[in-house]
2 protein chains.
Amino acid sequence: MTPELQRYSDVCDAIAKLFQPYVEVVLHDLESETAAYIANNFSHRELGEPSLLHEIDFRGGEAVIGPYEKVNWDGRRIKSISVVVRNDKAKAIGVLCINMDVSHFHQLQQVMELLSSVPQNTEKPEALFKEDWHERINEFILSWTWERGVTVETLSRQQKRELVEDLAGQGGFSGKNSANYVARILNLGRATIYNYLKDQKEKSRLS
Amino acid sequence: MTPELQRYSDVCDAIAKLFQPYVEVVLHDLESETAAYIANNFSHRELGEPSLLHEIDFRGGEAVIGPYEKVNWDGRRIKSISVVVRNDKAKAIGVLCINMDVSHFHQLQQVMELLSSVPQNTEKPEALFKEDWHERINEFILSWTWERGVTVETLSRQQKRELVEDLAGQGGFSGKNSANYVARILNLGRATIYNYLKDQKEKSRLS
DNA sequence: TACTTATTGTCCAATATAGACTTTATCGTC
DNA sequence: GACGATAAAGTCTATATTGGACAATAAGTA
């Protein structure tokens, strides 16, 4: 890492530490297009890894880009913002990326939502309306558990299996990485989800 | 269940439904000292089960007793209140017990706490000050994970093992049912906790 | 003391899982 | 639309976890 860029690493540490453990800060080197420094690395990136900066929309030449949303490898949802950082000659030398794990805040929202909202008993499966499939899955699980007077934490294995099968029946696994996402919510392994789905196919084939 | 008591069962349903799924309502028959009705049964009580009402402090002859705290069989913490209910002749015929699962609210508190509080770096292990061992364990896990910039949800098996061993080293398993409690927080089985502890003893014996 | 009940700890067969792997889709480029 | 590069969808297996039953021990209770 160049000394110019080096000086920003402390800034990364400061930001990450203030919001510990909800925030990760990645400093990208624009020269080599790699990750030069990572504070509170929860995305499990490696130093020196290619930055894939082309994913970020630099149009307009703004210094601050975002915020935008990403999904972490393990299904947690991340709110991110990026800043182009410069050396003393005002040359753009890096991009500082702040990634915030908002999964806990979503959870918190759901607890309050469950308490304060009046459930709609419209006959139509309202799970199908939200456009983001994450939301659809959340919605589905929320109402599935609500109807049974339970919460995800208290589901038995059998119940989780049923939930997964029902969700599959509704086409809930069409989104990208949705198996991963559901696995994390239900505290199951990804493999387990696939096992359930396979068993279900097997069962329906036999009947 | 006598018709007199029966009439209260709808009240139970109403209360439970309003706070679904966080509240359970148990109607005890004072005659037989058994559970006569249960709405949203999360304590896994059976109808007709003995009520153990003597646990409740009736001194003073108050109609409303509590609130007081209990711990559910699976380690969730419950805030409860009880009301003596009467028939038309003002004879006490039952006790209506409202049990609220506060574990989700505690969780929520912790998320906010982690965000808003400034960690004390007093050298002394502050885990030892709280008098309730539940709190001590919570505190321990919170600071253990904080130091490593992770959250309980993201702990690997190996990390959970280390956490359990460290906690055991601090005497964290002296409370009643503490193994159960820790298991639930870490999303482990009770058996797994004991496996870890046994392995640890084994290891230290060999070294 | 003896009896009752709750907790601790162990065991095992059934189940889930990390991680490596193969196959299949998706994307970007020409 | 063919090609190569990536990512995601699935599969597989050796190992770890776990529900539930049980035995051993402790803690009340009368």
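Here is the naming used below: chain letters follow the sequence lines, and residue numbers restart at 1 for every chain. The basis for the numbers below is simple: all heavy atoms, side chains too, and nothing from hydrogens, waters or symmetry mates.
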Exercise. Find which nucleotide of DNA chain C each of B:F173 and A:R161 is nearest to by heavy atoms, and output the residue with the more 5' nucleotide.
Key: B:F173

Practice problem: Describe the nucleic acid contact of B:N180 in one word from base, sugar-phosphate, nothing, applying a heavy-atom distance below 4.0 Å. | Solution: nothing

Exercise. Remember a base hit wins even if backbone is also touched, and classify A:L188 as base, sugar-phosphate or nothing at under 4.0 Å, heavy atoms.
Key: sugar-phosphate

Quiz item: What is the nucleic acid contact for A:D199, judged by heavy atoms within less than 4.0 Å: base, sugar-phosphate only, or nothing?
Solution: nothing

Quiz item: How close or far is atom P of C:dT15 from atom CG of A:N195, stated in whole angstroms?
Solution: 12 Å

Quiz prompt | Shortest side-chain distance from A:R190, nucleotide among D:dT18, C:dG9, D:dA9 | solution = D:dA9

Quiz item: Among C:dC11, C:dG9, D:dA9, which nucleotide sits nearest the side chain of B:K198?
Solution: C:dC11

Quiz item: Reckon B:N177 touches a base, only the sugar-phosphate, or nothing at all at heavy-atom distances under 4.0 Å?
Solution: sugar-phosphate

Quiz item: How many Å lie between CG on B:D74 and C1' on D:dT18, as a whole number?
Solution: 15 Å

Quiz item: To the nearest Å, how far apart are B:W73 CH2 and D:dG19 C1'?
Solution: 11 Å

Quiz item: If you find the nucleotide of DNA chain D closest to A:R157 and the one closest to A:S174, which residue's nucleotide is nearer the 5' end?
Solution: A:S174

Self-check item: Pair B:S156, B:Q158: side-chain N/O donor-acceptor within cut-off below 3.5 Å
Solution: no

Quiz item: Would you say D:dG28 has OP1 or OP2 under 4.0 Å from some side-chain N or O of B:K176?
Solution: yes

Quiz item: B:Y194 side chain N/O closer than 4.0 Å to the phosphate oxygens (OP1, OP2) of C:dG9?
Solution: yes

Quiz item: Rounded to the nearest Å, what distance is computed from the CG atom of residue A:L155 to the P atom of nucleotide D:dT18?
Solution: 16 Å

Practice problem: Give a yes/no on whether any side-chain N or O of A:Y196 is located under 4.0 angstrom from OP1 or OP2 of C:dA16. | Solution: yes

Quiz prompt | Sidechain-backbone polar pair: A:N41 side chain, A:R45 backbone, donor-acceptor under 3.5 Å | solution = yes

Quiz prompt | Whole-Å gap separating P (C:dA6) and NZ (B:K70) | solution = 14 Å

Practice problem: Can you tell me the distance, in whole Å, between the CD atom of A:Q158 and the P atom of D:dG20? | Solution: 11 Å

Quiz item: NZ of A:K201 versus C1' of D:dG10: gap in Å, rounded?
Solution: 8 Å

Exercise. Among D:dG10, C:dG19, C:dG9, find the nucleotide with the atom closest to the side chain of A:A191.
Key: C:dG19

Quiz item: Regarding A:T2 and A:E31, is there a side-chain donor-to-acceptor distance under 3.5 Å anywhere?
Solution: no

Practice problem: List the atom of B:A16, the atom of B:V23, and the distance in Å for their closest heavy-atom pair. | Solution: CB-O, 3.9 Å

Quiz item: Of A:I81, A:I78, A:I98, which meets side-chain contact (heavy atoms from CB on, under 4.5 Å) against A:P67?
Solution: A:I81

Practice problem: Could you state the atom-to-atom distance from CD of B:E202 to P of C:dT10 in whole Å? | Solution: 11 Å

